[in-house]
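Taking it in order: structure first as structure tokens, then the write-up.
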Amino acid sequence: MNPREEWQLATRQVGRHVLLFDRIDSTNKWAATLAVDANNHGVVVLAHDQTAGRGQHGRRWLSPPGSSVLASLLLLPPPALRRPVLLTAWAAVSVCETIRKSTGLEANIKWPNDVLIRGRKVCGILIEQGQGTVVGIGLNVNQTADMFAAADLPLAGSLAMFDGCSRDVKEIAKQLICQLDDGYQRLCDNATEDLETCWKHRLGLLGKFVTAECADRCYSGLLREVAFDGLELETPEGEIHRLPPEAVRRLEAV
Ligand code: BTN
């Protein structure tokens, strides 16, 4: 199948080559097939419509044709950048920054990889690692509240729902790709502090009493630190728990 459009953006790594398809099963699936060729590092696959969009935990990702950014980036990162927490933070922060720049709206990150505006999920991120790393992003742009109600998604939202503006999805996709490219370059240059600071801020949980769900048990306490190196919780009894971010499945204020 041939793409409807191909773009060559003036970026450094992500989006120098972008393939925009009319209708494919899943942009993540398509991007993964490109991993056989190292020259495809940074290729972005976009779709107007997906017939089998993949969500977290094996769920489907549904989105009416043309209503949202459906993007998958193929990366062949150096070993130091293959940490899911780094890639997730980079993708989520890039989405938040794109939203702020294109709408003025402030978004926050719900651990580990959802982006919310006023409590409604506007973006989901799915990172799949195989031969390469595929970062899939679904950003809801123009859906109405009625569309989400009809799809039985009462906690979902789109950019349009918060300011009534309908936007050019391709323009938002380009802005997002440029933002991602900028952040990726900084990761490659080892400049992770800015990302960590933005991630902490957008998570908005520091200093709050939280519950962290890990595979073996749940930990509750005051969140004293959130960093790529670890989370630090202090229980009411003064006990300190240090948790690697990759071990934390859910993190919520209580
Ligand atoms: C989630 O469940 O929150 C993650 C959803 C990720 C959806 C995006 S849409 C573009 C890309 N292609 C897919 O098949 N999934 C991701």
Side-chain angles (χ1 to χ4, degrees), residues 1 3-5 7 14-15 18-35 40 42-75 84-85 87-96 98-99 107-117 119-143 147-148 151-159 167 169-170 172-177 179-180 202-203 213 248-252:
M1 192 189 304
R4 181 215 280 180
E5 290 179 26
W7 309 337
V14 179
V18 181
L19 307 171
L20 167 59
F21 291 90
D22 216 359
R23 190 165 200 243
I24 52 176
D25 46 4
S26 155
T27 55
N28 264 31
K29 194 172 161 194
W30 196 279
T33 64
L34 302 175
N40 287 331
V43 170
V44 179
V45 178
L46 298 174
H48 178 78
D49 188 20
Q50 290 184 130
T51 55
R54 297 177 181 170
Q56 291 162 27
H57 313 295
R59 290 194 283 259
R60 295 275 309 270
W61 183 261
L62 300 169
S63 154
S67 62
S68 50
V69 175
L70 303 169
S72 297
L73 289 52
L74 172 69
L75 300 173
V85 64
L87 295 172
T88 302
W90 158 66
V93 166
S94 300
V95 169
C96 292
T98 303
I99 292 174
N108 66 289
I109 300 171
K110 181 176 174 221
W111 189 281
N113 47 10
D114 291 344
V115 175
L116 313 187
I117 300 177
R120 284 180 174 265
K121 176 166 169 174
V122 295
C123 173
I125 295 165
L126 179 67
I127 297 186
E128 297 185 290
Q129 275 171 321
Q131 199 172 351
T133 298
V134 174
V135 179
I137 301 174
L139 171 60
N140 298 331
V141 177
N142 290 326
Q143 291 99 323
M147 285 177 177
F148 291 122
D152 198 20
L153 295 167
L155 299 177
S158 68
L159 303 186
R167 292 183 169 81
V169 171
K170 284 199 276 186
I172 302 284
K174 279 185 193 162
Q175 288 179 29
L176 175 59
I177 294 168
Q179 188 73 41
L180 285 159
R202 298 275 181 192
L203 282 165
E213 184 190 303
V248 180
R249 293 172 173 174
R250 288 166 70 92
L251 183 70
E252 286 177 339

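We count ligands from 1, going down the list as the structure has it; atoms in each ligand are counted the same way.
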Which of the atoms in ligand 1, numbered in the order shown and given with their element, are less than 4.0 Å from a heavy-atom of [X]?
X	value
Thr27	10 (C), 11 (C), 12 (N)
Lys121	1 (C), 3 (O)
Gly53	14 (O)
Ser72	11 (C), 12 (N)
Gln56	1 (C), 2 (O), 3 (O), 4 (C)
Arg54	5 (C), 6 (C), 7 (C), 13 (C), 14 (O), 15 (N), 16 (C)

For ligand 1, the portion of [X] having any non-hydrogen atom under 4.0 Å away:
X	result
Ala71	backbone
Lys29	neither
Asn113	neither
His57	neither

- [ ] Check the pair Leu159 / Ile117 against side chain to side chain contact (heavy atoms under 4.5 Å, CB included), numbers first and verdict last.
- [x] CA-CA 8 Å; Leu159 303 186; Ile117 300 177; 3.9 Å; yes
Task: CA sep, side-chain torsions, deciding dist, call: Asn142, Ser158, side chain to side chain contact (heavy atoms under 4.5 Å, CB included) - done: CA-CA 6 Å; Asn142 290 326; Ser158 68; over 6 Å; no
Task: Test item, Arg59 contacting ligand 1 (heavy atom, 4.0 angstrom) - done: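 It does not, in that no heavy atom of Arg59 comes within the 4.0 Å cut-off of ligand 1.
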Task: Pair Ile137-Val69, side chain to side chain contact (heavy atoms under 4.5 Å, CB included): steps then yes or no - done: CA-CA 7 Å; Ile137 301 174; Val69 175; 5.7 Å; no
- [ ] To the nearest 0.5 Å, tell me how far Leu126 CG sits from Arg59 CZ.
- [x]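 Taking CG in Leu126 and CZ in Arg59, the distance rounds to 10.5 Å.
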Task: Derivation of the side chain to side chain contact (heavy atoms under 4.5 Å, CB included) call for Leu116 and Leu155 - done: CA-CA 10 Å; Leu116 313 187; Leu155 299 177; over 6 Å; no
Open item on the list: Whether the Gln50 and Ser63 side chains hold a donor-acceptor pair (N or O, under 3.5 Å, no angle test) is what I'd like checked.
Closed with: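 Gln50 vs Ser63: no donor-acceptor pair found between side chains.
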Open item on the list: For ligand 1, which is the ligand I care about here, please tell me if Ser26 has any N or O atom under 3.5 Å from one of the ligand's N or O atoms.
Closed with: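 Such a contact does occur with ligand 1.
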- [ ] For the pair Arg23 (side chain) and Thr51 (backbone), establish whether a donor and an acceptor sit closer than 3.5 Å, ignoring hydrogens and angles.
- [x]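 The answer is no, because no donor-acceptor pair under 3.5 Å joins these two groups.
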Task: Whether Gln56 side chain and Ile125 backbone form a donor-acceptor pair below 3.5 Å - done: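 Checked: pair present.
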- [ ] Tell me, yes or no, whether the heavy-atom count around Lys121 atom NZ, taken from other residues, nucleotides or ligands under 6.0 Å, exceeds 12.
- [x]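 Yes, NZ of Lys121 has more than 12 neighbouring heavy atoms, counting only those of other groups under 6.0 Å.
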Open item on the list: Which residue and atom name correspond to the protein heavy atom nearest atom 5 (C) of ligand 1, and how close is it?
Closed with: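 Ranking protein heavy atoms by distance from atom 5 (C) of ligand 1, first comes Trp61 CE3, 3.3 Å.
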- [ ] Can you pull out the closest protein heavy atom to atom 8 (C) of ligand 1? Residue, atom name and distance to 0.1 Å, please.
- [x]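 Going by distance alone, atom 8 (C) of ligand 1 is nearest to Gly138 N, 3.6 Å.
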